[in-house]
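Working notes, beginning with the structure itself.
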Amino acid sequence: MPTPLGDAGAGLVRVLVVEDHPLVLQAFSLAFEEVPDVDLVAQARLLEEAVVAAREHRPDVVLLDRLLPDGDGIEAIGRLRQESGGSRVLVLTGYADTSIVSRVIEAGGSGLLLKGAGRVDDLVNAIRRVAAGEPAFPADLAPGAPGGAAAQ
């Protein structure tokens, strides 16, 4: 299992969740309560709220919904990383193809996870991988995979 970036003493990965649906935010909050090495430090429903939260909390990982009411999450990756001191960004989306994966990589994102393609364990494992500096993309869309996005 990868070693997280978070607080070395506690082994925590500090996470900011950016998601506009209240039910999904609540589900993440409840799920992460059951994961001892993931600390949900803040939540945001809009990109501007996310930038403020990233600056204030400096999370290890930003779990970022791709489509938000005030913009495209992918376009905000650079700003979020800059404001947070270099947090790693894991994009969460309902749909992705190789062009979307390429956009995430070009913007400085560390991974992408499909909302309908797994369980909470898959999400937590992707967060841990990203925190450890490993990419976390769907195998069929991963950089270097046959038919996947071009490696950057």
Side-chain angles (χ1 to χ4, degrees), residues 1-96 100-115 117-138 141-143 149 151-152:
M1 179 175 297
T3 304
L5 265 182
D7 182 330
L12 293 177
V13 179
R14 297 169 37 84
V15 177
L16 160 63
V17 175
V18 185
E19 167 62 58
D20 60 317
H21 291 93
L23 182 61
V24 176
L25 274 176
Q26 183 178 15
F28 284 145
S29 180
L30 292 170
F32 292 153
E33 284 179 12
E34 303 298 317
V35 183
D37 63 331
V38 172
D39 182 19
L40 180 59
V41 296
Q43 299 178 357
R45 295 182 63 194
L46 300 170
L47 291 173
E48 288 305 314
E49 292 173 359
V51 168
V52 171
R55 184 182 315 122
E56 180 180 339
H57 295 281
R58 299 199 175 249
D60 300 312
V61 175
V62 176
L63 180 60
L64 177 63
D65 191 4
R66 192 187 96 187
L67 299 175
L68 293 157
D70 60 339
D72 181 339
I74 296 171
E75 293 176 4
I77 291 172
R79 186 167 174 215
L80 287 165
R81 294 189 74 225
Q82 180 181 15
E83 292 292 333
S84 68
S87 297
R88 295 184 174 126
V89 179
L90 176 61
V91 175
L92 189 62
T93 186
Y95 168 79
I100 292 171
V101 170
S102 292
R103 285 185 58 220
V104 170
I105 293 167
E106 290 167 9
S110 297
L112 180 139
L113 192 64
L114 294 168
K115 288 182 178 181
R119 304 166 298 145
V120 172
D121 289 345
D122 298 323
L123 172 62
V124 171
N125 286 332
I127 289 169
R128 289 175 180 143
R129 287 181 57 199
V130 166
E134 300 174 17
F137 293 94
L141 300 175
Q152 300 290 318

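All values below were derived from every heavy atom in this structure, side-chain atoms included, with hydrogens, water molecules and symmetry-related copies excluded.
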Is the closest side-chain heavy-atom distance between [X] and [Y] below 4.5 Å?
X	Y	value
F32	V124	yes
R14	V61	no
D60	L12	no
R79	L47	no
P22	R45	yes
L123	F28	yes

Exercise. Could you point out which residue of L64, D65, L63 forms a side-chain contact (heavy atoms from CB on, under 4.5 Å) with E19?
Key: D65

Quiz item: Out of D70, L67, L68, which residue meets the side-chain contact (heavy atoms from CB on, under 4.5 Å) rule with D20?
Solution: L68

Quiz item: Taking NZ, NE, NH1 and NH2 as the nitrogens, is one of them in E134 or R88 under 4.0 Å from a carboxylate oxygen of the other?
Solution: no

Drop me the distance from [X]'s [atom1] to [Y]'s [atom2], to the nearest 0.5 angstrom.
X	Y	atom1	atom2	answer
L16	L40	CG	CG	8.0 Å
I77	S110	CD1	OG	8.5 Å
D72	R66	CG	CZ	6.5 Å

Exercise. Taking all non-hydrogen atoms of both residues into account, name the closest pair between L113 and A126 and its distance.
Key: CD2-CB, 4.4 Å

Quiz item: How would you list, by chain and number, every residue that makes a salt bridge (Lys or Arg N to Asp or Glu O under 4.0 Å) with E83, sequence neighbours excluded?
Solution: R55

Quiz item: With distance as the sole test, does S87 use its side chain to make a donor-acceptor pair with the main-chain N or O of P59 at under 3.5 Å?
Solution: yes

